[in-house]
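All values reported here derive from a predicted model rather than from experimental measurement. Naming convention: chains lettered A, B, ... in sequence-line order (proteins, then strands); numbering from 1 in each chain.
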There are 2 protein chains.
Amino acid sequence: MTRNAVSWDHYRAFLAVAETGSLSAAARQIGQTQPTLGRQIDALERALGLSLFVRSPAGLTLTEGGHDLLPDAQGMAAAAEALLRSASAGRDETAGVVRITASEIVGGAVLPPVVAALQAQHPGLVVELVLTNRSEDLLRRDADIAVRMVRPDQNAVIARQIGRVPLGLYAHEAYLARCGSPQTLADLSTHTVIGFDRNPAAARALEVGSGWDRRLFRFRSDSDLAQLAMLRAAGGIGVCQAPLASQWPELRPVLPDLVSFHLDIWLAMHEDQRRNRRVRVTFDHLAVALRAYVDLKTLPSASGSLE
Amino acid sequence: MTRNAVSWDHYRAFLAVAETGSLSAAARQIGQTQPTLGRQIDALERALGLSLFVRSPAGLTLTEGGHDLLPDAQGMAAAAEALLRSASAGRDETAGVVRITASEIVGGAVLPPVVAALQAQHPGLVVELVLTNRSEDLLRRDADIAVRMVRPDQNAVIARQIGRVPLGLYAHEAYLARCGSPQTLADLSTHTVIGFDRNPAAARALEVGSGWDRRLFRFRSDSDLAQLAMLRAAGGIGVCQAPLASQWPELRPVLPDLVSFHLDIWLAMHEDQRRNRRVRVTFDHLAVALRAYVDLKTLPSASGSLE
DNA sequence: TAGCTGTTATGCGCTTTTGCATAAGGGAGC
DNA sequence: GCTCCCTTATGCAAAAGCGCATAACAGCTA
């Protein structure tokens, strides 16, 4: 139909140069040579009739026009990687690569033992775990399976609601012994409260949920895992998922009757992967394990020590 | 990072062969020769360690393993085409290609005059219009702008609700003169009712909305445009969007008090295109025009004759 | 059965592209 | 200022890929 004179390899060259910032680095990345990539970029610019980079002795930097093309080139790369993943094993084997994306907390604190158990059962299974609180990935094939705290409302995506996770304020018993336990919300202003830094999504959620102010926080980080580490290091009072907190007896609820809310957990995969055995097996395993995690609720549990 | 021995051009060759069913046809499509594509498929199969096609004197047909890779290759192609679209004009020009997807009715009966007016204002603007009732396209870059009847609830997608379109039963006055006007719902069983054929989404919606049965329909088509044409040809009683029906005075409401429901209209575009002038201009134009369409409601209007 | 049209597979010559080697330019540290 | 390390650009030879021509096979029609 539309015969297209420009080679797809030129797009890959474009992406590699844009991401590395130089022909030489890009050549190292994709296993080619600097003159080759230079000529491919030349050819692409000629074919598109558009200047993509400004060249300098320090490397190449994207022009505005080139910047506009970057997301699409990334989309191509994501699809290419997904294709390689699909080809990494036969559809009937529980082997090959499965790429999972999850929120920081779930991916960093909940999934590792779950994945470990899964891999123990299936020695040929390779798992890639991407921690990000964005979630724009399934349709673009950035991942095969997504664990999300919002309903994935996309067509062509199979979503299963796992359950509802209660959240609350917690603190380490050592912290409470040192600084005392707040009895009212107002007491919090005299404590070290752990919270986000600049995360706009968190800011919006906070504003809606309560009249809290970011200035309340005496320790601020946009890394949920850093916040959790601070909490476990007896560094202050912070929000934690109840099933997670229940795994560490030294974490004690703070103002449990005054502060409590919840998040839904969703598991999602792409429709096309339904008949792919390794994705399906991973999906089902995650569903069972996350269901068990949710059911922990606030009960203490002896299992799963997490460094 | 991951050095990748397989050329992206091989993926394009794979896609073309899979979609056309033969090396020769694929070669014609993408402007290469049959021996070249044959060797590229060979190389790809060797690189993936996977048989993609079964070769026969009648052509090549996908194996199961090859079938699994097809969606990802299509994703690459969609991204490549989107990239070309982005490069088709400078970001400051209102020129180049904009690809719009819409439902059959909106795309086939509402948008053409709207697009015509837009193109009259911007001579350099090329519009591609894709009519489909599926809507899995924005994130995968199958289109730049989507007009949808459901809320596009995806991240990285900018959505604007245009309004609410009332729907009702209509018939041509010639039909009513010939067959009479039904006075009750029960009367419909003696009439020629126009409805869907096998569309599972429509079947589900019908089941929820009312106790209607597909057997009521004496003319069945899953093409909404064919249904509309039947309606305008005085062929029976069918559902129509009120603003659309109001443009043709010969269409008369049937049982307006007994049968009425509505659809929301949403306009959506990808976040990355926000600063792209031609997409932005098209988006805004569609927003205004569709708003005017919705506001027509049931008022007759003299404007816009549609063949 | 003969002939036509479609297909894939293969040998060969040539064009294209690649990689190597090198030149040339800019910045950091001494 | 000098050296070292990074970069891009270019000349040239070799290799890889491409297209042309052709062979071989299957299905359809007369």
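Distance, A:Leu23 CG to D:dT10 C1': 14 Å, rounded to whole Å. In this structure, the CG atom of A:Leu52 is 15 Å from the P atom of D:dT8, given to the nearest Å. Put simply, CD1 on B:Ile41 is 15 Å from C1' on C:dA9, counting in whole angstrom units. Atom CD in A:Gln32 sits about 18 Å away from atom P in D:dA15, given to the nearest Å. Atom-to-atom, CZ of B:Arg12 to C1' of D:dC18 comes out at 14 Å; the value is rounded to the nearest Å. Summarising the geometry, the separation between CD on B:Gln40 and P on C:dT10 is reported as 17 Å, rounded to the nearest angstrom. Spacing between atom CZ of B:Arg46 and atom C1' of D:dG17 amounts to 13 Å, rounded to whole angstrom units. Atom CG of A:Leu37 is separated from atom C1' of D:dT7 by 14 Å (rounded to the nearest Å).
Note on B:Arg28: every side-chain N or O is 4.0 Å or more away from OP1 and OP2 of C:dG6. Considering only side-chain N and O atoms, B:Thr36 lies under 4.0 angstrom from the phosphate OP1 or OP2 of D:dG19.
Taking every side-chain heavy atom of B:Pro57 into account, D:dC25 is the closest of C:dG19, D:dC25, C:dT8. Distance from the side chain of A:Arg55 is smallest to D:dA9 among C:dA9, D:dC25, D:dA9. Closest to the side chain of B:Gln34, from the set C:dT8, D:dC18, D:dA9, is C:dT8. Looking at the side chain of B:Ala25, the nearest of the listed nucleotides C:dT8, D:dA9, C:dT7 is C:dT7.
Atom CD of A:Glu128 is surrounded by more than 12 heavy atoms from other residues, nucleotides or ligands within 6.0 Å.
Screening B:Asp72, B:Leu62, B:Leu48 against B:Phe14 for a side chain to side chain contact (heavy atoms under 4.5 Å, CB included) leaves a single residue, B:Leu62.
Side-chain atoms of A:Ser7 and B:Asp9 include a donor-acceptor pair closer than 3.5 Å.
Between the side chain of B:Arg39 and the base of D:dG19, a donor-acceptor pair under 3.5 Å is found.
Note on B:Arg39 versus B:Asp42: no salt bridge recorded, every NZ/NE/NH1/NH2 to OD/OE distance being 4.0 Å or above.
Nucleic acid contact class of A:Ser24 (heavy atoms, under 4.0 Å, all strands): base. Using a 4.0 Å heavy-atom distance criterion, B:Gly38 is classed as making no nucleic acid contact.
Between B:Phe217 and B:Phe196, the ring-plane angle classifies as perpendicular under the 30° and 60° cut-offs.
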